Amino acid sequence: MRQPRVTMEVGHDGVAVITISNPPVNALALTIFDGLKEKFSEAMRRDDVKAVVLTGDGGKFSGGFDINVFERVHQEGDTSFLPETSIAIAVNVIEDAKKPTVAAVQGLALGGGLELALASHARIAAANTLLGLPELTLGVIPGSGGTQRLPRLIGLPKALELMLYSKSITSEEGKNLGLVDAVVPSEELLKVSRQWALDIIEKRKPWIRSLHRIDRLGPLPEVVDIIKTARQQAKQTFKNLPQHQACLDVIEEGIIHGGYHGLLKESRVFKELISTDTSKGLVHAFFAQRATSKVPNVSDIGLKPRKIKKVAVIGGGLMGSGIATALILSNIYVILKEINSEYLQKGIKTIEANVRGLVSRKRLAKDKAENALLMLKGVLGYSDFDNVDMVIEAVIESIPLKQKIFADIEKACPPHCILASNTSTIDLNIIGEKTKSQDRIIGAHFFSPAHVMPLLEIVRTEKTSAQVILDLMTVGKVIKKVPVVVGNCTGFAVNRTFFPYSQSAHLLVHLGVDVFRIDQLISNFGLPMGPFQLQDVAGYGVAVATTKEFSLSFPDRTFESPLVELLIKNGRNGKNNGKGYYIYEKGSKPKPDPSVLPIIEESRRIINIMPGGKPVSVTDEEIVEMILFPVVNEACRVLDDGVVVRASDLDTASILGMSFPSYRGGIIFWADTIGADRVYRSLRKWAELYGNFFKPSSFLEERATRGIPLSAPASTSSAAKSRL
Ligand SMILES: C[C@H](O)CC(=O)SCCNC(=O)CCNC(=O)[C@H](O)C(C)(C)COP(=O)(O)OP(=O)(O)OC[C@H]1O[C@@H](n2cnc3c(N)ncnc32)[C@H](O)[C@@H]1OP(=O)(O)O
């Protein structure tokens, strides 16, 4: 592998082109900063250099500071080796240098990459370049002057939107905002940038130091007001996260006391934030997500993904129409099959509503929406299946029905066609039992709503071929999902890991704990809603069906609560009919419904598990742990059974499939921050008090007693099995 390096070439025109090179995204590794210092210093010394153009190799400017360095800080607990990029590089080396620098930007300029460009005296960008400061998604703030220069270039409101929400913009938008001086075709980028640099020297273009600008900032009282409002909004939107308030503090410091003071504070706060648990969790989540692409014996054996141009989706219900929406939005031709024209029209209408909903929420351009809808064809039979590359079956969870469909599509589709099922529970071997195509049968488990939720669980059986897995992973990426390859078992990785989540909540309620207290505590922990509101939203049918499935597969650790059936009996259907644990009214937030309490009392009387007939007394912390430690316990079994390639895949799956807070790094990462031993001892204590539901798994017991993190590879566990 090539080492990160910075090169310099001086042309006859007196322009030195300094190039950052560190494939694949020219991340700013520590040696890149040394290289920049060295080359800029040479450029300043040499008499034949009049000006500098700073650029990146391989069609990309830079993806920002090297995030591996963050990981090193987290492992070593030391920030002393971090370079002083804000003053020493951005100000001293670039902005205050005696010769001008023009940033020639293309592909992407993110984080520290964009900050180097902001410190330059002008920015020329190739068309469609991605520009942004996404540092807050890593738990830090821009640390090379971005907090000070971005508001000075594009004004405070837009700068806050880009930084606080980590939004990227294109170079064209950047030009309109004043961030970019010119947008040019990529083949002209260097030529125009060189000329621009010479024009600065010749005073034909202004020599602008952005840190000294104040013309876009606006009057002070107005600025203070904007920051105050942003602070209140951030408090609500980014609960539990320190970096948003810190970012606003740093921006405010620079506006009130001047850009240089702002930089000093920025640098101090950056170093404080990089060591927080939030940054540790988010950086782990970043690398964990990227690791999911590396699947042993699939992605590393030289296979090339085949082109998937046409996909048939069977079933136009909620899942099928969501899947079809995701496919057509990424220019994949879809045949939607239903059993009669009424259902077919309903499915097509749902897809149209999905696509048009994105337009009305300004997430999709109107012409793109109309083009996407042209990629859809509805059918009632199999005659169009003779040239599809993949089928995704998304009908109701019925074994005979799925078996019949798979036998039919085996005949109707060409031999290369991938036969996928969106089942969330049924064994794929059973689904494919009546075919001879086991090698091309695979699970494509989407999460609802399928055109929105980012996770795609790819379920392989022992017989699924590596090529088919790779093809589905590639389609997953094309439709902007994060594919995670998992083994075949009840509930696969996500639903199996999280089945104790709702059950422990029900168990606690039957021990006397208030439902709304539980929901509030879980949402304070960082999940978007508590387990009872989730049940209302997902629909009680799902709750009843999944409990049945899990109690059959794992009878030793299922808590069967009569509560949901009692709710249904009392005319409550959750969000579906506006009445569940909460009341749902159009236009207002769900409100806890006190009239549900007598139904809960009735359920408690039936189950009768309160010790001595009295509600248990538990702390807030204990409630959260009694709900989430059983999830960790099941996650341990999932690891032990080899359902996932690596522990961090379960972190990604929990974040993207269950909305587990990314800043806690995912379910296993979070458990390891608490310590396997503590999780084990708590579960053992609750198992003694409240029964087998809490009994620690042998994997957890072994890791806890041997002091091994849950995330350590399977080979460290004596009982490791493998399904993958
Ligand atoms: C001081 C400063 O203010 C602090 C900072 O700059 S913090 C860093 C800010 N930058 C970022 O947050 C950008 C992070 N990166 C990304 O969003 C995306 O990787 C990207 C948009 C650059 C490219 O996306 P995409 O093309 O889908 O490729 P993706 O798979 O994500 O990345 C390709 C490889 O580059 C690596 N990579 C990307 N950005 C990196 C970075 N900033 N540092 C180190 N490695 C990085 C990825 O880990 C991946 O490595 P792998 O192939 O070994 O798994």
Side-chain angles (χ1 to χ4, degrees), residues 1 4 20 22-33 36 56-74 79 82-91 105-119 128-150 162-163 165-170 243 246-247 250-251 263 266-274 279 282-295 299-300 454 473-474 476-483 646 648-649 652 662:
M1 214 170 70
I20 299 166
N22 185 15
V25 300
N26 298 329
L28 304 172
L30 299 182
T31 49
I32 294 284
F33 290 110
L36 285 172
D57 203 9
K60 289 179 181 135
F61 189 74
S62 168
F65 199 86
D66 182 355
I67 304 169
N68 293 292
V69 175
F70 286 37
E71 234 183 10
R72 191 176 144 200
V73 170
H74 298 154
T79 55
L82 286 177
E84 198 9 282
T85 57
S86 193
I87 309 279
I89 304 280
V91 175
V105 180
Q106 64 178 325
L108 46 85
L110 298 174
L114 181 61
E115 289 174 292
L116 294 181
L118 296 178
N128 275 323
T129 298
L130 204 63
L131 309 167
L133 293 177
E135 284 88 342
L136 274 72
T137 58
L138 297 167
V140 292
I141 57 169
S144 299
T147 61
Q148 307 304 310
R149 291 191 183 89
L150 193 63
L162 296 195
M163 283 189 269
Y165 293 88
S166 296
K167 274 194 192 163
S168 297
I169 54 170
T170 60
Q243 66 270 33
C247 186
V250 167
I251 294 169
L263 289 186
E266 180 195 81
S267 177
R268 205 176 60 243
V269 169
F270 177 84
K271 283 195 177 158
E272 281 164 18
L273 287 170
I274 201 173
S279 176
L282 289 169
V283 168
H284 171 77
F286 175 85
F287 285 119
Q289 187 170 318
R290 270 126 197 110
T292 56
S293 313
K294 296 167 184 109
V295 181
S299 59
D300 54 359
M473 285 170 70
T474 310
K477 284 191 181 162
V478 169
I479 62 173
K480 301 184 184 65
K481 305 286 171 205
V482 177
R646 53 184 82 75
S648 67
D649 284 1
T652 301
S662 54

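As the structure is a computational prediction, the values presented were derived from the model and not from experiment. We count ligands from 1, going down the list as the structure has it; atoms in each ligand are counted the same way.
Ranking protein heavy atoms by distance to atom 13 (C) of ligand 1, first place goes to Gly63 O, 3.4 Å. In terms of protein heavy-atom proximity, atom 38 (C) of ligand 1 is closest to Val25 CG2, 3.5 Å. Among all non-hydrogen protein atoms, the one lying nearest atom 43 (N) of ligand 1 is Ile67 N, 2.9 Å. The protein heavy atom nearest to atom 42 (N) of ligand 1 is Phe65 O, 3.0 Å. Given atom 47 (C) of ligand 1, the protein heavy atom at minimum distance is Arg290 CD, 3.9 Å.
Leu110 and Leu131 make their closest contact through CD2-C, 4.1 Å (heavy atoms, listed as atom of the first residue, atom of the second, distance). Pairing each heavy atom of Gly111 with each of Leu133, the nearest pair is O-CD2, 3.5 Å. Shortest non-hydrogen contact noted between Thr129 and Gln106 is OG1-CA, 3.3 Å.
Contact atoms of ligand 1 toward Pro142: 3 (O) (distance under 4.0 Å to a heavy atom of the residue). The Gly111 neighbourhood of ligand 1 comprises atoms 6 (O), 9 (C), with distances under 4.0 Å to a heavy atom of that residue. Each of the atoms 41 (C), 43 (N), 44 (C) of ligand 1 lies under 4.0 Å from some heavy atom of Ala27.
With a 4.5 Å cut-off on side-chain heavy atoms, Phe65 and Thr85 count as touching. Looking at heavy atoms from C-beta onward, Pro23 lies out of side-chain contact with Asp57 at the 4.5 angstrom threshold. You'll find the side chain of Leu82 reaches within 4.5 Å of the side chain of Val69, heavy atoms only.
Looking at Thr137 against ligand 1, nothing comes within 4.0 Å, counting heavy atoms. The parts of Asp66 lying near ligand 1 are both backbone and side chain, judged by heavy-atom distances below 4.0 Å.
Taking each of Ile89, Leu110, Val69 in turn, the one with a heavy atom nearest to atom 21 (C) of ligand 1 proves to be Leu110. Looking at Leu108, Leu114, Leu136, it is Leu108 that brings a heavy atom closest to atom 20 (C) of ligand 1.
Within a 4.0 Å radius of atom 36 (C) of ligand 1, the protein contributes no heavy atom. Distance remark: protein heavy atom present below 4.0 angstrom from atom 29 (P) of ligand 1. Distance check for atom 10 (N) of ligand 1: a protein heavy atom is found below 4.0 Å. Contact annotation for atom 25 (P) of ligand 1: protein absent (non-hydrogen atoms, distance under 4.0 Å).
None of Gln148, Arg268, Glu266 except one satisfies the side chain to side chain donor-acceptor pair (under 3.5 Å) rule with Ser86; the exception is Glu266. Results of the side chain to side chain contact (heavy atoms under 4.5 Å, CB included) test with Ser279 over Glu135, Glu272, His74 single out His74 as the only residue that passes.
Ligand 1 is approached by Lys294 to a heavy-atom distance shorter than 4.0 Å. The shell of residues lying under 4.0 angstrom from ligand 1, judged by heavy atoms, excludes Gly146.
Considering backbone and side-chain atoms alike, Leu138 places every N or O at 3.5 Å or more from each N or O of ligand 1.
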